[in-house]
*Asks:* 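Input: one structure, supplied below.
Each residue takes its place number in the sequence, starting with 1.
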Amino acid sequence: MGLTTIPQYLELRFDKSTHTIVNLLLLVSFVVTLLPVVLYTGAINMETLFDISERLNITREESIWYLIVAIGILGSVYAIFGGLKAIAYSDAIYGVGLFVGGLIIPIVALWNIGDSNIATGLSKVYNSAPEKFNPVGSKDSVLPFGTLFTGLVINQVYFWCMNQVIVQRALGARNLKEAQKGFLMMGVFKILMPIIIVLPGVIGYYYFQDSLYDSQDTIYPNLVKKVLPVSLVGFFAAVVMGTVLSTLNAVLNSAATLFSLGVYQRQINPSASQQKLVRIGKWTTITMAVFSIIAAPLVGKAPQGLYQLLQELNGIFFIPIASILIGGFFIKRISATGAKVAVFTGLTFYILTSFIFKDVVNIHFVHVWGIEFVLNILVMLGVSYFYTNKNPYTPTYTGEVEITPWKYARPVGLILVIITIGVYIALSQLG
């Protein structure tokens, strides 16, 4: 279809105002959720790794604030002058560094715990808390297993298939074959997440028990300090900072694209030159960065950790957008009016049930995502019955990009699915 952004599809499928509404929702979601969490994550990692507050004789809160400002400025400068090509290169470099560093942490930790024997170290960690190895978990888990089959399905389909920050890599690929290769390679790395992300958390519990329960977002950097020699702590800090900046740059670049092409050119100045759009994009980047820096210190009060907060806030925006995208893809009768009513119905429903009347509803917010999705589809169908679809749009191939698929895409995808299920089965048996 020759698209640059995901919301462009909504203009073709529905109308221009639907496109603009979703663009603005995405921009707000970046400022309210993703960017502040990314900034705070980078700041808390640097503070924990290097004890900056002690070295500069300032409070921890002041240190985190200064670091947030520094990271925000660095990321903005990079996004403004580097562009998507620079982000792609830096993603590759930092991705390799984070992959290598992420593997080093559990290997060195288990080596130390097992007195130079990794298998012995793993056995000790397992025997200390076997329940931590069970991916099914208990009913009162932060993320109960049942959520995988309700709202988490919708959230993950949105995040990996419709989220502009992720999908712009595919939309910017040379051809379909390269895009498929890149995303399937990402799938290979995701398979290793239990080793790189989850296992260090369990090792951290082995070392610290509940001593860091009130500051759980510092467990990982504290583990890095405990198991790595000083030289490798520096390497790991550089990689973490690079990854934070890379994520920040990617989000700011997406924001610039969404506003300059999706809002300014579509609604404000259709005849704007490329130079004008670039300038608008740069000012968008600066504005988003400033608001995100101001909001970032507020996320440190998350009671169940930054990642959980990010997911809970994302539900405000992701599920309504996912609903109209999925509805638009698969249900031809849904109209533009139905899509717009569903967006605001979903927003209102989620805010009421997950924030305002949370104690009354008492349903896990991921289950609420699933309920909201069904509600949105029903609203779209109901409204579209009275306000029928008058845009019989069918996606067509524009010829702008070569779309010959990679011949191994389907078998590699199938293998990844089988391995993923196998990991769950193996770990649940072990746990």
*Asks:* Under the side chain to side chain contact (heavy atoms under 4.5 Å, CB included) rule, what do H364 and L143 come out as? Steps first, then yes or no, please.
*Replies:* CA-CA 8 Å; H364 195 282; L143 191 68; 4.0 Å; yes
*Asks:* Any idea which heavy atoms bring A237 and M46 closest together, and the distance?
*Replies:* O-CE, 3.5 Å
*Asks:* Are any non-hydrogen side-chain atoms of I324 and V343 less than 4.5 angstrom apart?
*Replies:* yes
*Asks:* What verdict does the side chain to side chain contact (heavy atoms under 4.5 Å, CB included) test give for T388 and R333, after you've listed the backbone C-alpha separation in whole Å, the side-chain angles of each residue and the deciding distance to 0.1 Å?
*Replies:* CA-CA 7 Å; T388 57; R333 59 180 289 193; over 6 Å; no
*Asks:* Does any part of the side chain of V125, heavy atoms only, come nearer than 4.5 Å to the side chain of Y205, both counted from C-beta?
*Replies:* no
*Asks:* Within the side chain of S354, is there an N or O that forms a donor-acceptor pair under 3.5 Å with the backbone of I351?
*Replies:* no
*Asks:* Here's a test for you: under side chain to side chain donor-acceptor pair (under 3.5 Å), which of Q267, E11, R266 qualifies with T20?
*Replies:* Q267
*Asks:* Taking the side chain as every heavy atom from C-beta outward, state whether L313 and F355 have any atom pair closer than 4.5 Å.
*Replies:*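 Side-chain contact under 4.5 Å: yes.
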*Asks:* Grab the two heavy atoms, one from G102 and one from F236, that are nearest each other, plus how far apart they are.
*Replies:*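 Heavy-atom minimum between the residues: N-CE1, 3.9 Å.
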*Asks:* Answer yes or no: does atom CZ of F291 have more than 12 heavy-atom neighbours from other residues, nucleotides or ligands under 6.0 Å?
*Replies:*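 Atom CZ in F291 is not crowded, with 12 or fewer foreign heavy atoms closer than 6.0 Å.
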*Asks:* So, does T18 use its side chain to make a donor-acceptor pair with the main chain of F14 at under 3.5 Å?
*Replies:* no
*Asks:* Is the shortest side-chain heavy-atom distance between I286 and W283 below 4.5 Å?
*Replies:*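 I286 vs W283: side chains touch.
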*Asks:* Within the distance-only criterion (no hydrogens, no angle test), does the side chain of Q8 pair as donor or acceptor with the backbone N or O of T5 below 3.5 angstrom?
*Replies:* yes
*Asks:* Quick one: are the ring centres of W369 and F365 less than 6.0 Å apart?
*Replies:* yes
*Asks:* Please step through side chain to side chain contact (heavy atoms under 4.5 Å, CB included) for the pair T4 and L261, ending with a clear verdict.
*Replies:* CA-CA 9 Å; T4 306; L261 298 180; 3.8 Å; yes
*Asks:* May I ask you to decide whether E312 forms a salt bridge with K358, counting only side-chain N to carboxylate O separations under 4.0 Å?
*Replies:* yes
*Asks:* Run K282 and T285 through side chain to side chain contact (heavy atoms under 4.5 Å, CB included) and show every step you take.
*Replies:* CA-CA 5 Å; K282 289 179 178 179; T285 300; 5.5 Å; no
*Asks:* Would the distance check show the side chain of Y220 and the main-chain N or O of I197 forming a donor-acceptor pair, the cut-off being under 3.5 Å?
*Replies:*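 Not at all, since once roles are kept as given, no pair shorter than 3.5 Å links the two residues.
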*Asks:* Please assess Q164 against S254 for the test side-chain hydrogen bond (donor to acceptor under 3.5 Å, both in side chains), listing each intermediate value before the final yes or no.
*Replies:* CA-CA 7 Å; Q164 177 66 22; S254 294; 4.9 Å; no
*Asks:* How are the rings of F329 and Y9 set to each other: parallel, tilted or perpendicular (split at 30° and 60°)?
*Replies:*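 Tilted: the ring planes of F329 and Y9 meet at 30° to 60°.
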*Asks:* If you define the side chain from C-beta out and look only at heavy atoms, does anything of T150 sit under 4.5 Å from F373?
*Replies:* no
*Asks:* Quick check: closest heavy atoms across I73 and I293, and the distance to 0.1 Å?
*Replies:* N-CD1, 4.4 Å
